[in-house]
*Asks:* 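Have a look at the structure that comes next, please.
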Amino acid sequence: MSTTGVEGRRPGGSGVEGRRPGGSGVEGRRPGGSGVRATRQRAAISALLENLDEFRSAQELHDELRRRGEGIGLTTVYRTLQSMASNGLVDTLRTDTGESVYRRCSEHHHHHLVCRACGSTVEIQGGHVEAWAAEVAREHGFSDVSHTIEIFGICGDCADKSS
């Protein structure tokens, strides 16, 4: 998978900070009052994402769910992933072909290093970036800002293969 662009992910948040569902829901809702319905389909998609390290497309996730015997339609997968992204449960990147790819990420605010050749992704911290973003916003009179930063390049494995 080759990724060269980024799509903003978590409206109203500070970039890619993630949250994970946990505990027991009340009346089929996710704890914390997000209003996300707990369905069999959402549970299957969430479980699949928990076991994947790399970003995957909705089609790839749908294919894997079908291999596992889950009777979930592609439209439901897309709708569920969009809902999960809107609720801060998954990160989204946009590939160079314009396709959105998804991955469950860690709970803390972070950024990504993304290999343009293989799609390998590494979560990184960016203390200097955080300070810079806050300063730029302040200089221009902005408040309540959020950001996402992805750094694209070629990972060591892919660089070695092309040598």
*Asks:* With a 4.5 Å cut-off on side-chain heavy-atom distances among I, L, V, M, F, W and Y, is there a chain of contacts connecting Met84 to Leu52?
*Replies:*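 Yes: a chain of side-chain contacts under 4.5 Å links Met84 to Leu52.
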*Asks:* Quick one: OG1 on Thr92 to CZ on Arg103, what's the gap to the nearest 0.5 Å?
*Replies:* 11.5 Å
*Asks:* Does any non-hydrogen side-chain atom of Glu70 lie less than 4.5 Å from one of Gln41?
*Replies:* no
*Asks:* Where is the tightest heavy-atom contact between Val90 and Tyr102, given as atom of each residue plus distance?
*Replies:* CG2-CD2, 4.1 Å
*Asks:* Taking all heavy atoms of Ala58 and all of Leu74, pick out the closest pair and write down the distance.
*Replies:*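 Where Ala58 meets Leu74 most closely, the heavy atoms are O-CD1, 4.0 Å.
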*Asks:* Under the criterion side-chain contact (heavy atoms from CB on, under 4.5 Å), I'd like the reasoning laid out for Arg68 against Leu48: C-alpha separation, chi angles, the key distance, then a yes or no.
*Replies:* CA-CA 10 Å; Arg68 294 178 178 201; Leu48 176 58; 3.4 Å; yes
*Asks:* Do Ile124 and Val129 sit in the same hydrophobic cluster, where Ile, Leu, Val, Met, Phe, Trp and Tyr count as joined when their side-chain heavy atoms come under 4.5 Å apart?
*Replies:* yes
*Asks:* Work out which heavy atom in Cys115 is nearest to a heavy atom in Cys155; give both atom names and the distance.
*Replies:* SG-N, 3.3 Å
*Asks:* With a 4.5 Å heavy-atom cut-off, do Leu49 and Leu81 have their side chains touching?
*Replies:*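 Of all side-chain heavy-atom pairs linking Leu81 with Leu49, at least one is under 4.5 Å.
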*Asks:* May I ask you to decide if Gln82's main-chain N or O and Ser86's side chain share a donor-acceptor pair within less than 3.5 Å?
*Replies:*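 Checking the backbone N and O of Gln82 against the side chain of Ser86, a donor-acceptor pair under 3.5 Å is found.
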*Asks:* Looking at NE2 of His62 and CZ of Arg67, how far apart are the two atoms once the value is rounded to the nearest 0.5 Å?
*Replies:*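 Interatomic distance, His62 NE2 to Arg67 CZ, rounded to 0.5 Å: 10.5 Å.
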*Asks:* Quick check: is Tyr78 connected to Leu65 through a chain of hydrophobic side chains (ILVMFWY, heavy atoms under 4.5 Å apart)?
*Replies:*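 Per the 4.5 Å side-chain linkage, Leu65 and Tyr78 are not co-clustered.
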*Asks:* Measuring only between side-chain heavy atoms, which start at C-beta, is Arg40 closer than 4.5 Å to Ile72?
*Replies:*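 Yes; the side chains approach each other to less than 4.5 Å.
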*Asks:* Quick one: does Ser46's side chain have a donor or acceptor within less than 3.5 Å of a partner on Arg42's backbone?
*Replies:* no
*Asks:* Under 4.5 Å between side-chain heavy atoms, hopping through other hydrophobics if needed: is there a path connecting Ile151 to Ile154?
*Replies:* no
*Asks:* Between Glu54 and Thr121 (side chain of the first, backbone of the second, donor and acceptor by atom type, cut-off under 3.5 Å), is there such a pair?
*Replies:* yes
*Asks:* For Ser57 versus Glu99, what's the shortest heavy-atom pair and its separation?
*Replies:* CB-OE2, 3.2 Å
*Asks:* Indicate the atoms forming the closest heavy-atom contact of Ser162 with Ala159, along with that distance.
*Replies:*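 Residues Ser162 and Ala159, closest heavy atoms: OG-O, 3.0 Å.
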